[in-house]
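Once you've had a glance at the structure underneath, I'll fire off some questions.
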Amino acid sequence: MLNFIEELKWRGMLHQSMPGVEEVLSAGKCVGYIGFDPTAPSLTIGNYVQLMLLSMFQRAGHQPIVLMGGATGRIGDPSGKDKERELKSYEELDANLAFQVEQMKKFLNFETGDNRALLVNNYDFYKDMNVLDFLRNVGKTLTVNYMQSKDSVKKRINVEEGGEGMSFTEFSYQLLQGYDFQCLYDRYNCIIQMGGSDQWGNITSGTEFIRRNVGGKAYAITTPLLTKYDGTKFGKSEQGNIWLDPKMTSPYRFYQFWINSADADLPKYFRYFSMKSREEIEALEAEYAGNPNQLKKILAEELTRRIHSDEDFESAFEVTSIVFAKGDRSMLEKIRPAQFEEIAESIGIRLSRQILSEGVGIVQLLAAEGAQVFSSNSEARKAIINNAVSLNKSKVNNHELMVTAADLIHDRYMFIENGKTKKIVLDFS
RNA sequence: GGGAGUGUACCAGAGUGGCCAAAUGGGGCAGACUGUAACUCUGCUGGGAAACCUUCGGUGGUUCGAAUCCAUCCGCUCCCA
């Protein structure tokens, strides 16, 4: 069985922890939780780090609780945000929450064992509470002074340093999160809260709640904020966030995200995301020390298989090998129609055949509504003039080129590349 | 309630009557080099083939001409009460 803290340490996933956690954890089964606010209809690859944490916690024999922020999501966590946030509608939040819960089920064991994961919604803690109860039972716990001393609050309040101010609503967020912890402590004997390092302040508010209101002892553990080697935010690609929902980020794009990651980030990513053991990971790193691309492939494969499926990986892998192969139009012609269909499924965009009937300018085609390759004619033209665009594996060097049905592969597809990594199949079905 | 500021493109931020589609930096995209990496260098970064059109919080004015002046409204911040 895993030693939870040891595991976190060698993976570089331990940022801060309260003294005494190690002893408590090694003394036997503990209950711990991580909160997730339903701010989006899918979890992101960033949330996945927290799921890994819960998963390791579970594999170490402890019991994880997923706390869904039905209530806290309605408020908005100010941590790590330099601006007040737009509130989301209740409908949207409820829908998001349902989607995210579905995704969770894939990564934690909610079904069997005496340490099976529990799912709790903090809306249940508040739905029957009125304002006076809140002020007397929750608000009374912490002083404003204490709450103000938290980093996330200080940054926003200190105007000399560019703080933008903060509404009372967001200021109260830490009260909710603190009270959450207390409720879980009461109901499930939950004594550990985990989270990203930006959550430290909120988590320690929770341990204060438990100490003051029920005289208990609870602990905090945080992971370092995962960043890219250049210090920028992890988990965004050119096209935006990397979601776990295949409808929002296709398995192909998910696979490509890892293949495209920087060499310098790889060791860190491997330790954060791979379920492989320490021995396996260290062996792989030694074996492929001079070949980071191979390591990227191994990690990309593992994650695509786990987060999506074996079939999704096979498909993403195959599409990648075809689409990135060197060659010319004749090579595209050799691809079987059935296989082309699979490629189109990953990176295809459907267009009406009609626009080809009389021939269409390459610029107009690529900027066409629905083609989504470029957002305007001039953008498309500039890209072509910059030598960035290929049609059926050959560079387009004339922005007035007319495209006709003769340019179709298998009388149906066109293969467009913008730059080296952006590949699109136009599907004139 | 009183007072002082402030609002410019993805972000930061200059511009204070024409030379402004708007400096500069960051970010983004692309090209060269490579390995679908990084570094470096180069180009592009509102729309339009162009004439020209739309943009500097909103509206309405002044003017031959407004991001720039005036009025008014809205948002944000700070100080006093």
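Residue numbers begin at 1 in each chain, while the letters A, B, ... track the order of the sequences. Keep in mind that this is a model prediction, so the values were computed, not measured.
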Residue A:Y90 excluded, over 12 heavy atoms near OH under 6.0 Å = no
Hey, does A:K297 reach any base, or is it just sugar-phosphate, or nothing, if we go heavy atoms under 4.0 Å?
-> nothing
Taking the P atom of each, how far is B:U8 from B:U68, in whole Å?
-> 14 Å
According to the Watson-Crick and G-U wobble definitions, with both distances under 3.5 Å, which nucleotide is paired to B:U24?
-> B:A12
Across all strands shown, which nucleotide pairs with B:G1 by Watson-Crick or G-U wobble geometry, both distances under 3.5 Å?
-> B:C80
Nearest-nucleotide 5' precedence on RNA chain B, A:K296 against A:A388 | A:A388
NA contact type, A:A383, heavy-atom cut-off 4.0 Å: base, sugar-phosphate, or nothing?
-> nothing
Picking from B:A49, B:U36, B:G47, the nucleotide nearest the side-chain atoms of A:R381 would be B:A49
Taking the side chain of A:N260 as heavy atoms from C-beta outward, which of B:C44, B:G47, B:U36 is closest to it?
-> B:U36
Minimum-distance nucleotide to A:K422 side chain [options: B:G35, B:G47, B:C29] | B:C29
For A:D265, answer base if it contacts any base atom (sugar-phosphate contacts may also be present), sugar-phosphate if it contacts only those atoms, and nothing otherwise; contact means non-hydrogen atoms under 4.0 Å.
-> nothing
Distance between the P atoms of B:G48 and B:G57, in whole angstroms?
-> 25 Å
Across all strands, who's sitting opposite B:U63 as a Watson-Crick or G-U wobble pair, both distances under 3.5 Å?
-> none
Expressed as a whole number of Å, how far does the C1' atom of B:G58 sit from that of B:C74?
-> 7 Å
Using only side-chain N and O atoms of A:S376, determine if any of them is under 4.0 Å from OP1 or OP2 of B:G48.
-> yes
With heavy atoms under 4.0 Å as the rule, sort A:E400 into base, sugar-phosphate or nothing.
-> nothing
Side-chain donor-acceptor contact under 3.5 Å, A:S205 with A:N202 = no
State which of B:G47, B:A37, B:U36 makes the closest approach to the side chain of A:D263.
-> B:A37
Validation row: A:N387, A:K395 side chains within 4.5 angstrom (heavy atoms) = yes
Expressed as a whole number of Å, how far does the P atom of B:G43 sit from that of B:G75?
-> 45 Å
Counting any heavy atom closer than 4.0 Å, what does A:N387 reach on the DNA or RNA strands: base, sugar-phosphate only, or nothing?
-> sugar-phosphate
Given that both distances must come in under 3.5 Å, which nucleotide forms a Watson-Crick or G-U wobble pair with B:A38?
-> none
Any-strand Watson-Crick or G-U partner of B:U6, both distances under 3.5 Å = B:G75
C1' spacing across the pair B:U54 / B:C41, given as an integer number of angstrom = 35 Å
Among side-chain atoms of A:D328 and A:S394, is any donor-acceptor pair under 3.5 angstrom?
-> no
Watson-Crick or G-U wobble partner of B:C29, both distances under 3.5 Å | B:G43
Please state the P separation for the pair B:G31 and B:A37 - nearest whole angstrom.
-> 10 Å
What's the closest nucleotide to the A:P292 side chain, out of B:A30, B:U36, B:G35?
-> B:G35
Donor + acceptor pair across side chains of A:Y123, A:D94 (<3.5 Å) | no
If you measure from the P atom in B:C11 to the same atom in B:G28, how many Å do you get, rounded?
-> 15 Å
Taking atom C1' in both B:U77 and B:A66, what distance in whole Å separates the two?
-> 27 Å
